[in-house]
Visitor: 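Please see the structure below; I have some questions.
To find a chain, count down the sequence lines: A is the first, B the second, and so on, and within it residues start at 1. All values below come from the heavy atoms of this structure, side chains included, with hydrogens, waters and symmetry mates left out.
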2 protein chains.
Amino acid sequence: MQKKRKECPEVATCSVDYAFRRIGGKYKGRILWYLHEHSILRYGELGRTLPDITTKMLTQTLRELEIDNLINRKVYHEVPPKVEYSLTEVGEELIPFITHLKEWGDKQLEREQMKN
Amino acid sequence: MQKKRKECPEVATCSVDYAFRRIGGKYKGRILWYLHEHSILRYGELGRTLPDITTKMLTQTLRELEIDNLINRKVYHEVPPKVEYSLTEVGEELIPFITHLKEWGDKQLEREQMKN
DNA sequence: CCGAATCCTCAGGGATACTG
DNA sequence: CAGTATCCCTGAGGATTCGG
């Protein structure tokens, strides 16, 4: 264990780890889900949909998702500015599994309700 | 945005966020996946399967998964000691979606190979 | 309206040594 | 073998201010 932490071959080629690094973080799951539900959302709309996020994290997270080719960013050069975000095809491919995960979460939340 | 960060109702009841908090972190995805692949793994076997993990994180992560009722911990009171980990039913319910995610990751990794 | 730029905090994680 | 116990550090994320 823990020798040569970086460049570890197991980690480098593990698709589970690969995928989790791409959708990990505090907000990526919810952003992908909301974009799926609404098809298109503007920057400000996303911000209101995630009440606990700061502009810094919103921008940063959107950039990462864009670089990983999970979302599209469409800029309207108007005044006032307008930017729309939507899922790419690759991003859409993640939806079935986020749906699965959400259903699981709903079930667990219900179970926890039962106890109280 | 960012007023009253904690106890935000949207976050408290969002099942997507709920689920991601339970399977987030650096190792949980891989641990669940390996436990699914092997059915039962001992502490040391898990450690060898995740070459980049430390004993501290391995123990800590296993405890969290156990508290969330995703894995079973079975202790054999022998010398030398022996502890086996396996998925609970609730944990098994996550497998279809981790499978989905893994397939997605494999496909992305292939695409990245193509470019090089 | 949609960010960029700073500065800062803190918790997730790492290294190392020790134990029943 | 299967952990504990410490100490430590990095980087994800937060608060605030400024700009086109």
Side-chain angles (χ1 to χ4, degrees), chain A residues 1-8 10-11 17 20-31 34-35 40-68 71-86, chain B residues 1-8 10-11 17 20-31 34-35 40-68 71-86:
Chain A
M1 265 188 269
Q2 90 240 35
K3 217 180 280 182
K4 279 181 60 176
R5 262 183 38 232
K6 301 176 182 185
E7 312 293 324
C8 167
E10 188 269 344
V11 174
D17 193 66
F20 267 93
R21 285 204 309 270
R22 241 132 279 257
I23 59 159
K26 197 170 174 181
Y27 304 103
K28 287 187 178 176
R30 274 185 286 165
I31 288 180
Y34 294 140
L35 282 179
I40 293 178
L41 283 174
R42 298 179 57 176
Y43 181 88
E45 291 175 324
L46 273 168
R48 263 167 267 126
T49 311
L50 294 97
D52 55 334
I53 201 172
T54 60
T55 64
K56 181 200 165 190
M57 284 313 294
L58 181 54
T59 302
Q60 181 180 309
T61 307
L62 289 170
R63 289 288 175 281
E64 291 176 13
L65 291 172
E66 194 191 354
I67 289 173
D68 288 337
I71 64 171
N72 295 124
R73 180 171 184 267
K74 184 171 183 184
V75 182
Y76 293 84
H77 293 284
E78 313 169 347
V79 183
K82 174 176 166 184
V83 182
E84 289 181 344
Y85 293 91
S86 59
Chain B
M1 262 188 275
Q2 90 240 39
K3 218 181 275 181
K4 278 183 61 175
R5 263 184 37 232
K6 305 181 179 182
E7 311 295 324
C8 166
E10 189 269 344
V11 173
D17 192 66
F20 267 93
R21 286 204 309 271
R22 242 133 277 257
I23 58 159
K26 197 170 176 181
Y27 305 104
K28 287 187 178 176
R30 274 185 287 164
I31 288 180
Y34 294 140
L35 281 180
I40 294 179
L41 283 175
R42 298 178 58 174
Y43 181 89
E45 291 174 325
L46 273 167
R48 264 167 267 127
T49 313
L50 294 98
D52 55 334
I53 202 173
T54 60
T55 62
K56 180 197 165 192
M57 284 312 295
L58 181 54
T59 301
Q60 182 179 309
T61 307
L62 289 170
R63 290 289 177 280
E64 290 175 14
L65 291 171
E66 193 192 355
I67 289 173
D68 288 337
I71 64 171
N72 295 124
R73 179 171 184 269
K74 184 171 183 183
V75 183
Y76 293 82
H77 292 284
E78 313 169 348
V79 184
K82 174 177 166 185
V83 182
E84 290 180 344
Y85 294 92
S86 58

Visitor: Just to verify, what does B:Gln60 make a side chain to side chain donor-acceptor pair (under 3.5 Å) with, not counting sequence neighbours?
Guide: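 B:Gln60: no side chain to side chain donor-acceptor pair (under 3.5 Å) contacts found.
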Visitor: How is A:Tyr27 classified with respect to the nucleic acid when contacts are heavy atoms under 4.0 Å: base, sugar-phosphate, or nothing?
Guide: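 The answer is sugar-phosphate, as A:Tyr27 gets under 4.0 Å only of primed atoms, P, OP1 or OP2.
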Visitor: With a 4.0 Å cutoff (strictly under), does any side-chain N or O of B:Arg42 reach OP1 or OP2 of D:dA2?
Guide: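 So the side-chain polar atoms of B:Arg42 do come within 4.0 Å of the phosphate oxygens OP1 or OP2 of D:dA2, strictly under.
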Visitor: How close or far is atom P of D:dA2 from atom CG of B:Leu50, stated in whole angstroms?
Guide: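 In whole Å, D:dA2 P and B:Leu50 CG are 15 Å from each other.
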Visitor: Base, backbone or nothing for each nucleotide of nucleotides 3-11 of chain C, written B, S, -, heavy atoms under 4.0 angstrom, 5' to 3'?
Guide: BB-B-----
Visitor: Indicate every side-chain donor-acceptor pair of residues 77-84 of chain A with a distance under 3.5 Å to a residue at least two apart or in another chain.
Guide:
residue	atom	partner	partner atom	Å
A:Glu84	OE1	A:Tyr76	OH	2.9

Visitor: Pick out which of B:Arg30, B:Lys28, B:Lys26 makes a salt bridge (Lys or Arg N to Asp or Glu O under 4.0 Å) with A:Asp17.
Guide: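 Among the candidates, only B:Arg30 passes.
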Visitor: Whole angstroms only, please: what is the CG-P distance between B:Leu58 and D:dG3?
Guide: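 Result: 8 Å.
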Visitor: With rounding to the nearest 0.5 angstrom, report the CD1 to CD1 distance, A:Ile23 to B:Ile23.
Guide: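 Rounded to the nearest 0.5 Å, the CD1-CD1 separation comes to 6.5 Å.
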Visitor: Under 3.5 Å, is there a donor-acceptor pair between the B:Thr55 and B:Tyr43 side chains?
Guide: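 No - no donor-acceptor pair under 3.5 Å links their side chains.
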Visitor: Would a 4.5 Å heavy-atom cut-off, applied to side chains only, mark B:Leu58 and B:Ile31 as touching?
Guide: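 A side-chain contact exists here, since the closest heavy-atom pair is under 4.5 Å.
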Visitor: More 5' along DNA chain C: B:Gly25 or A:Lys82, using each one's nearest nucleotide?
Guide: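 Closer to the 5' end of DNA chain C: A:Lys82.
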Visitor: Side chain of B:Met57 only, please: which of C:dG14, D:dC1, C:dC2 is the nearest?
Guide: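 Shortest atom-to-atom distance from the side chain points to C:dG14.
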Visitor: Quick check: on DNA chain D, is the nucleotide nearest B:Pro81 upstream (toward 5') of the one nearest A:Pro81, or the reverse? Name the residue that is more 5'.
Guide: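 This one resolves to B:Pro81.
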Visitor: Whole-Å distance between C:dG12 P and B:Arg21 CZ?
Guide: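 Taking atom P of C:dG12 as the reference, CZ of B:Arg21 is at 12 Å.
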